[in-house]
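For reference, the structure discussed in these notes is given below.
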Amino acid sequence: MIQVGIVGYGNLGRGVEYAIQKTEDLELVGVFSRRAPETVETVYAETNVYALNTILDFKEKIDVLVLCGGSKDDLPQQTPELAEHFAVVDSFDTHANIPDHFAKVDEAAQKGKQVAIISTGWDPGLFSLNRIMMEAIIPDGKTDTFWGKGLSQGHSDAVRRVDGVKGGVQYTIPSEVAMEKARSGSKEELETKEKHVRECYVVLEEGADAKEVEQAIVTMPNYFEPYDTTVHFITEEELARDHQAMPHGGFVIRSGQTGEGTNQTMEFSLKLDSNPEFTSSVLVAYARAAARLAKEGVVGAQTPFDIAPKYIHPKTNEQLRKQYL
Ligand code: NDP
């Protein structure tokens with residue numbers, strides 16, 4: 001059994017606790033949090049919670065740590081610190097800073113002779129793997145990424161700030177028209193604003209005028225004005241019942257030409273009812289890889305580009321060859 005520790009217990013931490021339950025080869029040692037352990041309420045009552053500052057006492061008991069902190073402030077500090085002492089995986093997703101994060105984690109992991117897999121998840125992660133595979137196979141072409149249907153925190157906040165709005169959420173949805181263009185083999189660059197449409201679900205304050213509120217939303221500069229925006233009015237009960245989940249997903253599409261102009265299209269898509277639960281499931285598959293690579297003596301920072309598929313799957317390579325080739 002691969003012994004796992006969870007560092008940081010938010011949405012991803014909870015998702016990892018669930019995901020480990022679905023495996024037969026991974027076992028949870030416990031959750032490590034910066035908060036007082038007795039204040040952290042886990043999904044399963046039997047899960048142990050420890051103070052993060054005691055984690056070095058667990059060096060011999062843990063094969064791999066799944067780091068579930070935020071990309072903005074937690075992982076830039078926690079991943080290098082912990083990679084010196086443990087095999088680790090993270091889902092660091094600040095795309096522009098990945099090279100810098102890689103360098104810092106690599107230095108720490110080399111120093112401690114550990115392996116660290118960074119930027120797993122779906123974007124970065126599974127989307128990135130598909131982008132490089134598609135481009136390698138169809139060099140004469142164009143790749144587009146579409147995100148959604150997904151809940152956007154920033155745009156939901158903007159809706160809630162409009163006068164007359166009591167509550168609301170905003171979903172970003174890929175535009176069907178733009179996706180068809182992306183699949184067509186055309187090299188025409190698509191602009192961000194034509195790639196996505198925006199859908200708002202709004203609860204009105206008592207006495208507020210629906211037409212005025214709708215107008216204020218769809219004409220809001222930068223946020224909604226450049227997009228095709230639809231506003232739906234719902235009740236407070238509907239908002240609580242139907243819009244609390246964190247759905248997300250998206251498409252990576254590459255189309256281009258081989259031969260003398262033969263069109264070829266490749267597509268990878270995700271439709272997620274819960275972004276964090278899915279991201280956590282990816283982290284857990286890569287935690288398996290990290291534990292196995294550590295056993296093989298591999299040292300240093302790695303990304304999903306470096307990990308052969310056989311390492312993330314519980315079956316042996318022989319079984320995989322028989323079943324999936
Ligand atoms: P959260 O904000 O839920 O959790 C982040 C950290 O905040 C936790 O590790 C926890 O640390 C602390 N925390 C959580 N809840 C509380 C609380 N109630 N009070 C005080 N502190 C709390 O973030 P998510 O789990 O949603 O996401 C983590 C990161 O995952 C994101 O920043 C994002 O970058 C990344 N991500 C990556 C994806 C990819 O495809 N690569 C996709 C989705 C997300 P502690 O327990 O130590 O207090």
Side-chain angles (χ1 to χ4, degrees), residues 2-23 26-35 37 39-44 47-52 55 58 62-83 86-95 97-98 101-102 105 116-129 147 150-154 156 244-250 270-291 301-304 307 312:
I2 295 170
Q3 303 297 320
V4 184
I6 295 174
V7 174
Y9 196 76
N11 297 309
L12 290 192
R14 264 189 300 280
V16 171
E17 195 184 358
Y18 282 126
I20 290 174
Q21 295 287 320
K22 300 269 186 193
T23 68
L26 272 66
E27 206 165 64
L28 182 58
V29 174
V31 165
F32 295 84
S33 174
R34 290 164 295 189
R35 283 165 287 158
T39 65
V40 176
E41 209 173 305
T42 51
V43 173
Y44 301 109
T47 298
N48 299 310
V49 184
Y50 304 104
L52 181 56
I55 200 163
F58 291 79
I62 286 176
D63 297 311
V64 58
L65 290 178
V66 183
L67 308 187
C68 298
S71 290
K72 191 165 166 280
D73 300 317
D74 303 336
L75 298 176
Q77 188 200 339
Q78 289 179 342
T79 312
E81 265 176 31
L82 293 166
F86 295 92
V88 300
V89 284
D90 79 16
S91 67
F92 184 76
D93 74 350
T94 315
H95 294 261
N97 297 344
I98 289 175
H101 186 61
F102 182 92
V105 174
I117 310 178
I118 65 155
S119 300
T120 70
W122 60 279
D123 197 2
L126 302 184
F127 273 19
S128 326
L129 282 174
W147 290 275
L151 188 103
S152 160
Q153 216 48 64
S156 297
Q244 296 309 306
M246 284 184 264
H248 221 310
L270 293 172
K271 187 172 181 298
L272 312 174
D273 281 353
S274 163
N275 175 7
E277 281 182 30
F278 182 79
T279 303
S280 301
S281 301
V282 181
L283 273 163
V284 163
Y286 279 93
R288 175 182 292 117
Q302 315 261 308
T303 75
I307 311 299
I312 67 171

If I take atom [atom1] from residue [X] and atom [atom2] from residue [Y], how far apart are they, to the nearest 0.5 angstrom?
X      : Y      : atom1 : atom2 : result
His248 : Leu151 : NE2   : CG    : 8.0 Å
Tyr44  : Ile20  : OH    : CD1   : 10.5 Å
Thr42  : Ile6   : OG1   : CD1   : 9.0 Å
Ile2   : Leu28  : CD1   : CG    : 13.0 Å
Asp74  : Asp90  : CG    : CG    : 11.0 Å
Ile55  : Phe32  : CD1   : CZ    : 4.5 Å

Closest approach of [X] to [Y] (non-hydrogen atoms, all atoms of both residues):
X      : Y      : answer
Ala83  : Ala116 : CB-CB, 4.1 Å
Gly125 : Pro304 : CA-CG, 4.3 Å
Pro37  : Ala51  : CG-N, 3.5 Å
Ala287 : Val66  : CB-CG2, 3.9 Å
Ser91  : Ser71  : O-OG, 4.0 Å
Ile118 : Thr79  : CG2-CG2, 4.3 Å

### Query
Which is it for His101 and Thr94 under the side-chain contact (heavy atoms from CB on, under 4.5 Å) test, yes or no, and what are the steps along the way?
CA-CA 9 Å; His101 186 61; Thr94 315; over 6 Å; no
### Task
For the pair Arg288 and Thr23, evaluate side-chain contact (heavy atoms from CB on, under 4.5 Å) and give the outcome as yes or no after the intermediate values.
CA-CA 10 Å; Arg288 175 182 292 117; Thr23 68; 3.7 Å; yes
### Residues in side-chain contact (heavy atoms from CB on, under 4.5 Å) contact with Val29, at least two apart in sequence or another chain
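Expected list: Gln3, Phe58, Ile62.
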### Query
Which residues satisfy the side-chain contact (heavy atoms from CB on, under 4.5 Å) test with Ser280, sequence neighbours excluded?
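side-chain contact (heavy atoms from CB on, under 4.5 Å) check on Ser280 returns Leu12, Val16.
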Tell me if a side-chain donor or acceptor on [X] pairs with a main-chain N or O of [Y] at a distance below 3.5 Å.
X      : Y      : result
Ser281 : Glu277 : yes
Gln302 : Ile307 : no
Ser274 : Met246 : no

### Message
The test is side-chain contact (heavy atoms from CB on, under 4.5 Å); show your working for Val105 and Phe92 and say whether it passes.
### Response
CA-CA 11 Å; Val105 174; Phe92 184 76; over 6 Å; no
### Task
Mark yes when over 12 heavy atoms from residues, nucleotides or ligands other than Asp273 sit less than 6.0 Å from its CG; otherwise mark no.
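For Asp273, atom CG is not crowded (no more than 12 foreign heavy atoms under 6.0 Å).
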### Side chain to side chain, Val43 and Gln21, heavy atoms closer than 4.5 Å
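They are not in contact (no side-chain heavy atoms under 4.5 Å apart), so the answer is no.
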### Message
Among Glu41, Arg34, Glu17, Arg14, which residue satisfies the side chain to side chain donor-acceptor pair (under 3.5 Å) criterion with Tyr9?
### Response
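One option only clears the test, and that one is Glu17.
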